[in-house]
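Beneath this line is the structure, given in structure tokens, with notes to follow.
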Amino acid sequence: MSSRKPGDSDVLSSLYSMIPLLFLLLACVELSDAAAAVDVYRLVQYDISGVPFGSRLAALNHHAASLHSSAGADLSRSVLIIPLRELNISLVKEYISQKKTLGGLLLLLPQMFNFESGDMAVTKDDIHEMERLKNLLVELEELLIHANIPYPVYFAFEHDDIEAVLADIQRNDVNGQAATPTNGGYKFVVSAPEPKKLASPIMTNIQGWLPGLKPDGDTNQLPTIAIVASYDTFGAAPALSVGSDSNGSGVVALLEIARLFSLLYSNPKTRGKYNLLFGLTSGGPYNYNGTHKWLRSFDQRLRETIDYAICLNSIGSWDDKLWLHVSKPPQNAYVKQIYERFSGVAGELGLKVELKHKKINISNPRIAWEHEQFSRLRVTAATLSGLSSAPELFQRTGSLSDSGNLVSEDAIRRSIKLVAQSFARHIYDQQEDMPVFADDSSLAVDLSYVRLWLDLLSRTPRVAPFLTKNDPLVAALKKELAEHTHEVNVQHELLDGLFTFYDSTKAKLNIYQVASVTFDLLLLLAVGSYLIVLFSFLVITTRGLDDLISIFRRPPPRKSKTG
């Protein structure tokens with residue numbers, strides 16, 4: 001006699017029915033373990049006078065392919081992964097110029113260009129490779145930002161997770177097993193909405209004063225010396241555009257010069273008979289649009305008091321020479337005087353400054369240097385830069401290669417001493433060989449201060465359309481300038497309508513290892529077979545073999561009734 005209780009068959013039935021569910025759950029866990037998530041940064045999307053440039057899409061959902069894909073392979077539904085170290089710029093030019101279709105493009109950058117990776121130890125053997133990659137990246141950026149690309153383009157940094165995935169993809173491509181819905185492989189997914197236009201982007205200018213000492217009874221306005229630096233950036237990826245040299249170095253120098261002269265001007269005995277005007281301007285990459293509107297806000301009397309203005313640009317990566325760019329002819333008395341003071345101080349510091357004249361073409365809307373905005377208002381001005389020639393539109397304005405690892409603190413320190421000493425010689429009518437800012441004095445350049453601000457700017461993307469009025473960086477710059485100057489004023493202006501920008505600059509890339517259709521069919525066959533066996537077993541144990549056979553037996557035909 002069987003000892004099985006009436007409820008035993010129900011319990012067994014429940015347990016057996018859970019086995020397929022557990023099997024499917026384990027399969028899903030196995031697939032989810034193969035997934036990874038990576039931070040990616042989208043190529044800038046913008047318009048100039050309605051003409052589209054940059055990447056026009058953001059969402060991705062395609063299989064991945066590598067440069068090892070077979071010749072002639074259809075990549076219109078694939079995301080092509082290209083490490084910068086293996087980049088063939090001609091290939092990218094070919095895809096863009098011939099308008100070849102891709103599902104998407106992912107460019108892997110070395111960690112040396114990652115501002116979040118911190119300081120990296122660089123050996124002498126690395127210097128040549130860094131220079132090669134930097135030049136390659138500059139060329140790549142110039143190509144991408146001036147093209148209209150109808151598919152998503154993202155940047156990511158080399159990482160163990162994505163490098164392991166790339167190695168697997170390359171191995172499959174070499175073996176002729178490219179990722180397809182049939183073969184499986186890896187699928188890259190970025191869930192992002194359609195990019196939207198940024199409405200009314202704001203530029204913020206910040207200015208501060210150090211008033212000079214006016215003699216008793218003197219009712220005339222004191223002359224003014226202006227020192228200006230544009231602080232915002234533009235690059236192929238707005239979320240990575242930190243511009244350590246262009247123009248983080250200029251901003252750092254301006255703040256340190258403000259600090260040094262605030263010490264001099266705090267004492268009436270050493271306060272000069274010149275006002276000092278400090279300006280941190282926005283809109284630099286966009287024809288110095290912020291500088292233009294800042295100067296237009298001055299009244300005529302203030303503009304007439306400006307003796308001259310010095311604009312600082314890219315002064316953190318030069319070797320043995322700086323350039324003083326001017327719009328007025330070198331024979332001009334004011335230009336000649338400025339150059340003589342700068343070159344004289346440079347000689348004492350063991351440096352070299354060379355004058356470079358570039359005449360303004362009024363009919364050309366392109367503003368190559370910031371001082372040209374002053375020159376158009378007939379104010380004497382010059383730009384001090386480590387660049388020997390004016391960059392083209394959107395060049396050297398905070399590119400992916402412009403990271404803190406490639407900026408020299410010593411170059412910034414020497415630039416600060418050059419400008420500060422030249423100002424002092426002009427303000428105090430100094431003779432030669434009388435250094436005010438000697439290294440062993442209380443007025444020496446503070447390298448820790450320089451390092452602190454350079455580190456902050458090298459970690460902070462500063463593309464103006466993505467900075468709000470209350471952005472923490474803008475607030476920090478205003479607060480710092482207020483520590484050393486008076487009458488700090490903030491001016492908010494709309495960016496010139498010539499430029500239109502779109503959002504969606506950063507995303508999360510999800511990487512999934514997708515099984516092939518063959519695997520899915522085998523899994524389906526295995527689960528189906530198991531369910532049939534389980535069903536047969538349960539019927540036999542609960543109702544008997546005859547009942548199981550009767551399920552599959554053809555029922556007898558009905559006999560029709562006859563009258």
Side-chain angles (χ1 to χ4, degrees), residues 41-56 89 92-93 96-97 107 109 113 134-149 153-155 195 197-198 201 203 229-251 281-292 311 313-314 317 325 358 361 364-373 383 385-403 406 457 461-467 495-505:
Y41 309 89
R42 192 168 77 100
L43 175 66
V44 66
Q45 179 180 351
Y46 68 101
D47 303 336
I48 300 180
S49 298
V51 180
F53 293 96
S55 175
R56 311 309 293 183
I89 197 71
V92 181
K93 288 181 179 179
I96 292 176
S97 63
L107 297 154
L109 307 178
F113 300 119
K134 178 182 177 181
N135 294 335
L136 187 60
L137 188 52
V138 169
E139 187 177 0
L140 174 66
E141 278 192 275
E142 184 179 351
L143 177 65
L144 293 176
I145 64 177
H146 290 104
N148 178 5
I149 303 177
V153 179
Y154 282 97
F155 298 92
K197 292 182 180 180
L198 296 177
M203 298 180 301
S230 178
Y231 68 84
D232 62 333
T233 59
F234 176 91
L240 298 176
S241 183
V242 296
S244 298
D245 187 26
S246 302
N247 190 30
S249 61
V251 173
T281 58
S282 183
Y286 322 110
N287 288 327
Y288 297 98
N289 192 239
T291 309
H292 169 76
C311 306
N313 182 287
S314 304
S317 60
H325 298 274
K358 177 183 172 296
N361 183 358
N364 187 356
R366 170 75 180 125
I367 306 296
W369 296 109
E370 188 166 17
H371 74 266
E372 292 182 10
Q373 292 288 15
T383 294
S385 176
L387 305 177
S388 61
S389 59
E392 297 297 328
L393 182 66
F394 295 150
Q395 283 186 354
R396 297 182 179 273
T397 53
S399 66
L400 293 170
S401 61
D402 190 357
S403 61
L406 304 176
L457 294 170
R462 305 186 300 282
V463 179
F466 300 95
L467 297 177
L495 178 64
D496 194 331
L498 183 71
F499 301 95
T500 303
F501 287 85
Y502 295 76
D503 61 7
S504 187
T505 61

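Residues: numbered from 1 along the sequence shown.
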Original post:
Given Tyr286, which of Asp232, Ile367, Thr397 fulfils the side chain to side chain contact (heavy atoms under 4.5 Å, CB included) condition?
Top reply: Asp232

Taking the side chain as every heavy atom from C-beta outward, state whether [X] and [Y] have any pair of such atoms under 4.5 Å apart.
X: Thr500; Y: Tyr46; result: no
X: Thr233; Y: Val242; result: no
X: Asn287; Y: His292; result: no
X: Leu498; Y: Asn289; result: no
X: Phe155; Y: Leu43; result: yes
X: Pro195; Y: Arg42; result: yes
X: Leu140; Y: Leu400; result: no
X: Glu139; Y: Lys93; result: yes

Rounded to the nearest 0.5 Å, what separation is found between the [atom1] atom of [X] and the [atom2] atom of [Y]?
X: Ser401; Y: Leu240; atom1: OG; atom2: CG; result: 11.5 Å
X: Phe53; Y: Asp47; atom1: CZ; atom2: CG; result: 8.5 Å
X: Phe501; Y: Lys197; atom1: CZ; atom2: NZ; result: 13.0 Å
X: Cys311; Y: Trp369; atom1: SG; atom2: CH2; result: 10.5 Å
X: Arg366; Y: Glu392; atom1: CZ; atom2: CD; result: 7.0 Å
X: Ser389; Y: Arg396; atom1: OG; atom2: CZ; result: 7.5 Å

**OP:** Decide side-chain hydrogen bond (donor to acceptor under 3.5 Å, both in side chains) for Asn313 and Thr383; before the verdict, give the C-alpha distance in whole Å, the side-chain angles of both, and the deciding distance to 0.1 Å.
**Re:** CA-CA 7 Å; Asn313 182 287; Thr383 294; over 6 Å; no

Original post:
Going through the checks in order, is the side-chain contact (heavy atoms from CB on, under 4.5 Å) test met by His325 and Lys358?
Top reply: CA-CA 7 Å; His325 298 274; Lys358 177 183 172 296; over 6 Å; no

**OP:** Could you check Glu370 against Thr291 for side-chain hydrogen bond (donor to acceptor under 3.5 Å, both in side chains), going step by step and ending with a plain yes or no?
**Re:** CA-CA 7 Å; Glu370 188 166 17; Thr291 309; 2.8 Å; yes

If every non-hydrogen atom of [X] is compared with every non-hydrogen atom of [Y], which pair is closest and at what distance?
X: Pro238; Y: Pro461; value: O-CB, 3.5 Å
X: Leu198; Y: Pro465; value: CD1-O, 3.7 Å
X: Ala229; Y: Asn247; value: CB-ND2, 3.9 Å
X: Ala368; Y: Tyr288; value: O-CE1, 3.8 Å
X: Arg56; Y: Tyr502; value: NH2-OH, 3.7 Å
X: Leu406; Y: Lys134; value: CD1-CD, 3.9 Å

Original post:
According to the interplanar angle, ranging from 0 to 90°, do the rings of Phe394 and Phe234 count as parallel (below 30°), tilted (30 to 60°) or perpendicular (above 60°)?
Top reply: parallel

Subject >> Side-chain donor or acceptor of Asp402 paired with backbone N/O of Asp245 under 3.5 Å >> reply: yes

**OP:** Please answer whether the main-chain N or O of Val153 pairs with a side-chain N or O of Ser55 as donor and acceptor at a distance below 3.5 Å.
**Re:** yes

Original post:
Are Val463 and Val44 close enough, and set up right, to give a side-chain contact (heavy atoms from CB on, under 4.5 Å), and what steps lead you there?
Top reply: CA-CA 11 Å; Val463 179; Val44 66; over 6 Å; no

Original post:
Between Ser385 and Ser314, does a side-chain hydrogen bond (donor to acceptor under 3.5 Å, both in side chains) hold up when you go through it step by step?
Top reply: CA-CA 5 Å; Ser385 176; Ser314 304; 4.8 Å; no

**OP:** Check the pair Tyr231, Leu467 against side-chain contact (heavy atoms from CB on, under 4.5 Å), reporting the backbone distance first and the verdict last.
**Re:** CA-CA 12 Å; Tyr231 68 84; Leu467 297 177; 4.2 Å; yes

